[in-house]
Number of protein chains: 2
Amino acid sequence: MDKAIQSRFDEFIRKKGLRRTAQRDVIVEAAFGTTEHFTADELWDMSRRIDPATSRATLYRTLALLVESGLLQEIDLGRDQKYYDPNFLDHPNHNHLICLDCNSVVEFSDEHMEVLEDCITRRLGFRPSSKNLRIEAHCEEMASTGHCKRADK
Amino acid sequence: MDKAIQSRFDEFIRKKGLRRTAQRDVIVEAAFGTTEHFTADELWDMSRRIDPATSRATLYRTLALLVESGLLQEIDLGRDQKYYDPNFLDHPNHNHLICLDCNSVVEFSDEHMEVLEDCITRRLGFRPSSKNLRIEAHCEEMASTGHCKRADK
DNA sequence: GTTTCTGCAAAGGTTTTGCAACAAA
DNA sequence: TTTGTTGCAAAACCTTTGCAGAAAC
């Protein structure tokens with residue numbers, strides 16, 4: 001799997017005086033073996049496909065470390081559960097558009113948006129740290145053809 | 001309290017074939033007796049200050065109705081819990097900036113931002129429905145004076 | 001009178017934690 | 001060895017729900 005991510009996680013782990021373990025490796029491998037967003041429970045499933053013995057407790061503990069390290073990002077898709085996004089390493093400033101017709105998620109980024117966000121933040125007397133935009137929308141395709149090409153789920 | 005809100009909620013209730021009750025009135029009064037954001041539990045506290053008998057079950061059921069009616073909006077402040085915002089009636093398109101130094105929340109809106117969001121959405125092939133921007137930032141005041149004038153909490 | 005609502009207590013779902021055995025360094 | 005890690009089972013949280021009595025219309 002992605003050696004670069006494993007070694008970045010390893011580096012983070014060492015800096016904290018923690019230890020690299022087989023269980024953690026499995027969870028990291030599962031988390032970055034996809035570009036899909038996932039819930040804690042879905043990550044548990046993915047991890048158990050690699051090692052069926054993966055426990056929930058270790059999963060949650062490792063998940064917290066991945067988020068703290070910045071490798072994984074918690075995102076709010078406006079659903080009931082928390083989702084995690086493994087794509088911020090490749091696309092550091094992306095945002096999410098949720099299709100209300102098929103529930104799919106489109107990632108996008110826009111540099112005008114970033115400039116404007118920074119500008120607004122400074123005007124308010126702050127120095128920007130992180131910015132997060134979620135757009136919910138209906139797709140034109142659904143409006144014109146009655147169908148949404150993105151599969152539901 | 002705010003008669004306009006009570007009657008808008010009443011209208012919503014009637015349209016759904018539901019009933020106006022003293023308990024619901026109390027919760028609506030509590031929710032709109034503040035301009036602060038609150039959690040379900042905080043709303044329960046505020047409601048019990050008006051009527052100590054308010055039950056959690058009724059609180060959650062009424063909260064769901066308030067959100068469904070559009071009077072109250074669920075927001076993600078990047079904390080552990082869900083927060084609810086009673087200010088969308090007065091400021092329909094506002095966003096939130098969270099001060100990482102004192103944890104306070106600043107509401108803001110910007111029409112350039114809205115135009116840009118719509119523009120991006122359409123470029124992606126969608127028709128915008130709702131847009132939600134959260135900015136986390138450090139305040140200049142903290143950087144220069146070592147203190148943040150907004151009280152924590 | 002009929003239908004909805006309330007409040008309790010119990011259940012549900014997700015996440016955290018205490019602890020003893022285990023493993024990394 | 002020492003210190004951190006795991007996995008279990010239990011607890012902690014927050015939210016929802018079944019049900020019987022109460023209230024709205």
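Note that the structure is a prediction, hence the values are computed from the model and not measured. Here is the naming used below: chain letters follow the sequence lines, and residue numbers restart at 1 for every chain.
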Are the side chain of A:Asn87 and the backbone of A:Thr35 linked by a donor-acceptor contact shorter than 3.5 Å? yes

Let me see the working for B:Ile27 and B:Leu43 under side chain to side chain contact (heavy atoms under 4.5 Å, CB included), right down to the final yes or no. CA-CA 8 Å; B:Ile27 293 165; B:Leu43 180 56; 4.1 Å; yes

For DNA chain D, the residues among residues 59-76 of chain B that have a non-hydrogen atom under 4.0 Å from it: B:Tyr60, B:Arg61

Expressed as a whole number of angstroms, how long is the span from A:Arg24:CZ to C:dA23:P? 15 Å

Expressed as a whole number of angstroms, how long is the span from B:Arg79:CZ to D:dC14:P? 15 Å

Evaluation steps, side chain to side chain contact (heavy atoms under 4.5 Å, CB included), between A:Asn95 and A:Glu107: CA-CA 6 Å; A:Asn95 295 289; A:Glu107 301 195 340; over 6 Å; no

Within the pair B:Thr21 and C:dC5, is there a side-chain N or O less than 4.0 Å away from OP1 or OP2? no

Is there a donor-acceptor pair closer than 3.5 Å between any side-chain N or O of B:Ser69 and the backbone N or O of B:Leu66? yes

So, does A:Thr145 use its side chain to make a donor-acceptor pair with the main chain of A:Met142 at under 3.5 Å? no

Axis-to-axis angle across the helix from C:dG1-D:dC25 to C:dA25-D:dT1, five pairs an end, to 10 degrees? 40°

Can you sort out which residues in residues 49-56 of chain B have a heavy atom within less than 4.0 Å of DNA chain C? Ascending by number, please. B:Ala53, B:Ser55

Any donor-acceptor pair under 3.5 Å linking the side-chain atoms of A:Glu136 with those of B:Ser130? yes

Does NZ or CZ of A:Arg122 lie under 6.0 Å from the centre of the six-membered ring of A:Phe126, at an angle within 45° of the ring axis? no

Is the terminal nitrogen or CZ of A:Arg14 (NZ for Lys, CZ for Arg) located under 6.0 angstrom from the six-membered ring centre of A:Phe12 and within 45° of that ring's axis? no

So B:Ala22, base contact, sugar-phosphate only, or nothing? Heavy-atom distance under 4.0 Å. nothing

Within 6.0 Å of CD in A:Glu68, more than 12 heavy atoms from elsewhere: yes

Enumerate all atom pairs, one protein N or O and one N or O from nucleotides 9-13 of chain D, separated by less than 3.5 Å.
none

Over how many whole Å does the gap from A:Gln81 atom CD to D:dC14 atom C1' extend? 14 Å

Contact list please: residues 7-20 of chain B against DNA chain D, heavy atoms, distance less than 4.0 Å, in numerical order. B:Arg14, B:Arg19, B:Arg20

Can you see whether B:Asp76 engages B:His96 through a side-chain donor-acceptor pair at a distance of less than 3.5 angstrom? no

How close or far is atom P of D:dG7 from atom CZ of A:Arg48, stated in whole angstroms? 12 Å

Please state whether the rings of B:His94 and B:Phe88 are parallel, tilted or perpendicular, taking 30° and 60° as the class boundaries. parallel

Would you say B:Arg48 has more than 12 foreign heavy atoms packed within less than 6.0 Å of its CZ? yes

To the nearest Å, how far apart are A:Gln23 CD and C:dA21 C1'? 13 Å

Show which side-chain atoms of residues 50-57 of chain B pair as donor or acceptor with protein atoms under 3.5 Å away, not counting sequence neighbours.
from, atom 1, to, atom 2, distance (Å)
B:Asp51, OD1, B:Ala53, N, 2.9
B:Thr54, OG1, B:Asp51, O, 2.7
B:Ser55, OG, B:Thr58, N, 3.2
B:Ser55, OG, B:Thr58, OG1, 3.2
B:Arg56, NH2, B:Asp41, OD1, 2.7

Mind calculating the distance between CG (B:Asp25) and C1' (C:dT6) to the nearest angstrom? 14 Å

Mind listing the closest non-hydrogen atom pair of B:Leu71 and B:Ile5 along with its distance? CD1-O, 4.2 Å

Is there side-chain contact between B:Met113 and A:Met113, with heavy atoms separated by less than 4.5 Å? yes

Nearest non-hydrogen partners of B:Cys139 and B:Arg150, listed with the distance: CB-NH2, 3.5 Å

Tell me: CG of A:Leu43 to C1' of C:dT14, nearest whole Å? 15 Å

